[in-house]
Amino acid sequence: MPLLARRKEQVPCTVEVSHRFESLHAHVRFDNGAVVHPGDEVLVHGAPVLAAYGEVVVEQRVATITRATALERMWTRLTGDFDFMELCEFSFSEELAL
């Protein structure tokens, strides 16, 4: 694994977008079994996948995985918990804003 150089790889993938009452989600599955690690970036090529209400759309695409350098991966692992804690800052209130 290079310390300062980033590698890119093209992989086939399946994109699934669901816009139903039971499930609202978008998933990307790499068809060749590729795994994304901390710090890696994924870009799915092609036009945006739009699903009308009540539909599930599944399309075959190509994605580019840009692998993080060893230094970026270490930094992501060290600081990732702090970013996660920002997501946990929420509250529930019975007051209604008018």
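This chain uses plain numbering: 1 for the first residue, then up along the sequence.
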### Message
I'd like to know if the side chain of R73 reaches the main chain of P38, judged simply by a donor and an acceptor atom lying under 3.5 Å from each other, with no hydrogens or angles considered.
### Response
yes
### Message
Exactly one of V44, V58, V57 should register a side-chain contact (heavy atoms from CB on, under 4.5 Å) with V49. Which one does?
### Response
V57
### Interatomic spacing from CD in E72 to NE2 in H37 - rounded to 0.5 Å
14.0 Å
### Query
Can you hop from L71 to L78 via hydrophobic side chains spaced under 4.5 Å?
yes
### Spacing of CD belonging to Q60 relative to SG belonging to C13, to within rounding of 0.5 Å
8.0 Å
### Query
Below 4.5 Å, heavy atoms only, C-beta onward: do H19 and L24 meet side chain to side chain?
yes
### Query
Between R6 and T66, which heavy-atom pair has the shortest distance, and what is it?
NH1-CG2, 3.7 Å
### Query
Which heavy-atom pair separates D40 from A68 by the least distance, and what is that distance?
OD1-N, 2.8 Å
### Query
Atom CZ in R7, atom CD1 in I65: separation rounded to 0.5 Å?
9.5 Å
#### Entry: Any H27 side-chain heavy atom under 4.5 Å of T14 side chain
no
### Side-chain heavy atoms of V28 within contact of R61, under 4.5 Å
no
### Query
Hey, any chance V36 and V11 share a hydrophobic cluster, counting ILVMFWY side chains that come within less than 4.5 Å of each other, even indirectly?
yes
### Query
So, for V35 and R67, which heavy atoms are closest and what is the spacing to 0.1 Å?
O-NH1, 2.6 Å
### Query
CZ of R20: more than 12 outside heavy atoms within 6.0 angstrom?
yes
